[in-house]
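Taking it in order: structure first as structure tokens, then the write-up.
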2 protein chains.
Amino acid sequence: MATIHDVAKLAGVSIASVSRMLAGENVRSAEAIRQAISDLGYRPNASARGLRLGKHHCIAVIVPDIANPYFAALVRGIEERFMTQGFRIIVASSDEQFSAESELLGNLVDAVDAIAIVPAEEGERTRRLLAALNKPVVLIDRSVGDEPGFDLVNVDNTSGAKAAADYLLSLGHRRIGIISGRQDTVPGRARHQAFLATLAAAGVDVPVEAIKIGEFSRDFGRRAAQELIQQGQIGAAPGAGAAGITALFVANNTMAQGALLALHAAGVSIPRELSFICFDDFDLAELLPAPVTVISRPAIAEGHAAADLLLRRIEHFGSTNQPPLEHKVLPVSLTIRQSCAAPPFN
Amino acid sequence: MATIHDVAKLAGVSIASVSRMLAGENVRSAEAIRQAISDLGYRPNASARGLRLGKHHCIAVIVPDIANPYFAALVRGIEERFMTQGFRIIVASSDEQFSAESELLGNLVDAVDAIAIVPAEEGERTRRLLAALNKPVVLIDRSVGDEPGFDLVNVDNTSGAKAAADYLLSLGHRRIGIISGRQDTVPGRARHQAFLATLAAAGVDVPVEAIKIGEFSRDFGRRAAQELIQQGQIGAAPGAGAAGITALFVANNTMAQGALLALHAAGVSIPRELSFICFDDFDLAELLPAPVTVISRPAIAEGHAAADLLLRRIEHFGSTNQPPLEHKVLPVSLTIRQSCAAPPFN
DNA sequence: ATCGATTCTGAAAACGTTTACAGTATTCAG
DNA sequence: CTGAATACTGTAAACGTTTTCAGAATCGAT
């Protein structure tokens, strides 16, 4: 591999000149240097540069699961912004596990200049872990504690859940079930509470049997739906006296997929027997027997916003006048398809 | 950030001893050093180490689209193997574009020790591009030219396509359509030819109107299916004289999703009017109105195989006795669900 | 021509490691 | 206790950059 010394020798200048010309400064023998560089196929050594500058021009992006299309799009958005700035990106999945996340960060921290993360856990230990990195950090989608101390990008979960509730109410539903994610997460809590609060404001109470709370996973989604079915909340004899629910809100896409799996297996007809709505769009949502109505998020835009915040912070890192912490909230939208209808016999 | 010098000073030894102890050699004052390291929270500087050793302990993984669940699983497999070996991984998507891929490689090449890639193009220029990197490379799923000169992992496309054809034949289909990917790719060609050859061997000819060839993309899948519909190949009046196809083979998952979208929009009933089978499993395949029968690939295992090949090559890189080039072919399997049935009126 | 101001140049130091080399302490056999 | 063998140690060089500093070339004005 050719080094800057080889280039300098071939061009008949000092290595300083080569370095300067590469940095865009004015140099008398620019043409000779350019020639030498292309003759030798010289590429600056990243490690040496990183060592000298104390910068790696690389950032770590950690998400719970890169195979989730929401996260995939998010990462794409982050990439788009950083690539143009000459940054490399290391993407890794934490599998929603604090331990995996912690290990990843340990491995990555001294190879990157900053971290964009959708934390697996929102607890204090995550906050400490991130603070200990002593690098610019931007949180996405979830927070860590009440005073995270990092920039944050998320969406208006409250409005989204409210929109879902309003929509179901407007269709005439009064007996509604909900499958929610972990309540120790911001999206879990916000969506859950806003949904229930909106119903309550309309005088609709959700019985505790129709509330399922657990992991944001496909597996839990399936189990929760199975329970609802077994309890007779869903798909019970369609007699007039049925006390089951006529609509179901699921708080994210992976849980929704699991729930749909269970509902399908049980032969529940959507939307005839049950109206179905969930947070987060997903691949093929529109292909299902009843294309699923969803609250969709601007994942790419979230990525852009996160990257912008991080770039700003990288720029000022180390200096005394840090820009103030920023919390960017992006809007969500209701995408109406065909999985919701008026309740039967209403 | 604490350096090795700080540790050495605190422990009262030379930096060489610290380095040696970190490398696992025997050192008299190991305990004092360990203590100093943990007191200072010392972490070796990756750039300095990379500079000195000429190694980065990082590999690049380039796939066409990380959001495709097959590639996501593949990457997961690669990660699993490399993580345990202390390697970092940079994942990037080429979007099936040679230009993007070329740029990515340019940016990444001097930050990594090796490259695992599903090349966007299989042509000569990709081969040259990769060869010019002068690093260990493993190709996955696709090749580059007839004499790639790199290790290669893929699956038995021929058997897979043959299995699909045999299955459709066994159900009694004789008028069969095919949507294939680009024929300048190994999977595109192998699947296409094996499928047609198997049919031909059974005396079944596929008319050219029922053959669509294009990009491995959702968009092309949709367009191809739309064309088939418009041409009256699919969903024509179900009279006895209909000359349309009764079964459709699609050569990968993204095209299949596009085709399903179009079929669904046109109200084609699967498998009543049309049997549907495709290469590659996909998320939610089992949730569709008619769960889709697919040829599935062992993506994780492919990732493992690729990683193993690459590790071996990294180990011997630079030495004179390179291990011989290896081409690993993994088996595929037919996953029967409910999208195929006997043809109508048969 | 001369001078000062300006622009460019190269030598050398630094970044944080690993490792060859030469040297010092320890161990062991006699 | 001696000497040889062994086990460890520290110094210093190297990896390929960027950047400071002092000095050299160029330029413009007189």
Side-chain angles (χ1 to χ4, degrees), chain A residues 1-34 36-37 39-58 86-88 107-113 134-135 317-318, chain B residues 1-37 39-58 86 88 107-113 134-135 317-318:
Chain A
M1 208 45 173
T3 77
I4 200 173
H5 288 93
D6 304 325
V7 174
K9 193 180 305 177
L10 184 56
V13 297
S14 75
I15 60 167
S17 292
V18 178
S19 177
R20 282 194 260 258
M21 123 86 175
L22 252 31
E25 288 178 43
N26 247 341
V27 162
R28 274 198 265 279
S29 39
E31 204 32 63
I33 297 177
R34 238 187 298 277
I37 287 179
D39 284 1
L40 294 170
Y42 165 74
R43 308 190 54 98
N45 177 305
S47 291
R49 173 176 257 158
L51 172 58
R52 174 63 223 228
L53 300 181
K55 297 257 157 210
H56 309 82
H57 271 245
C58 184
F87 278 81
R88 280 185 265 276
N107 289 336
L108 260 37
V109 62
D110 27 41
V112 302
D113 298 325
N134 205 25
K135 299 238 153 124
F317 193 67
Chain B
M1 209 49 174
T3 78
I4 199 173
H5 288 94
D6 304 325
V7 174
K9 194 181 303 177
L10 184 58
V13 297
S14 76
I15 60 167
S17 291
V18 178
S19 177
R20 282 194 261 256
M21 124 82 174
L22 252 32
E25 288 179 44
N26 248 341
V27 164
R28 273 200 265 278
S29 40
E31 204 31 63
I33 297 178
R34 240 186 297 276
Q35 186 60 244
I37 286 179
D39 285 0
L40 295 169
Y42 165 75
R43 307 190 54 98
N45 177 304
S47 290
R49 174 177 256 161
L51 173 57
R52 175 63 221 229
L53 299 180
K55 299 255 157 213
H56 310 81
H57 271 245
C58 184
R88 282 185 263 277
N107 289 335
L108 295 178
V109 64
D110 25 43
V112 302
D113 298 326
N134 206 25
K135 299 237 152 122
F317 193 68

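Predicted, not measured: the structure shown is a model, and the values here were computed from it.
Separation of atoms CZ (A/R34) and OG (A/S29) is listed at 10.5 Å; rounding is to 0.5 Å. With rounding to the nearest 0.5 angstrom, the CG atom of A/L22 is 12.5 Å from the CZ atom of A/R20. From A/S19, atom OG reaches atom CZ of A/R49 across 7.5 Å, with rounding to the nearest 0.5 Å. Remark: A/K9 NZ to A/L40 CG distance equals 10.5 Å, nearest 0.5 Å. Interatomic distance, CZ of A/F87 versus NZ of A/K55, reported as 7.5 Å (0.5 Å rounding).
At a threshold of 4.5 Å between non-hydrogen side-chain atoms, the residues A/H56 and A/V112 do not count as touching.
Remark: P of C/dT17 and NE2 of B/H57 are 15 Å apart, rounded to the nearest angstrom. Rounding to whole angstrom units, NE2 of residue B/H5 and P of C/dA14 are separated by 12 Å. Atoms NZ (A/K55) and C1' (C/dA14) sit 18 Å apart, rounded to a whole Å.
Heavy-atom contacts of chain B under 4.0 Å fall on DNA chain D between two terminal nucleotides, which in 5' to 3' order are D/dC8 to D/dG16.
Among B/V27, B/I4, B/D6, the single residue meeting the side chain to side chain contact (heavy atoms under 4.5 Å, CB included) criterion with B/V18 is B/I4.
B/S19 comes within 4.0 angstrom of a nucleotide base, judged by non-hydrogen atoms across all strands. Residue A/L51 is in base contact, counting any heavy-atom pair closer than 4.0 Å across all strands shown.
Between the side chain of B/D110 and the backbone N or O of A/N45, no donor-acceptor pair lies under 3.5 Å.
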Q.
Does the protein touch nucleotides 6-12 of chain C at the base, only the backbone, or not at all? Give it as B, S and - per nucleotide, heavy atoms under 4.0 Å.
A. --SBBB-
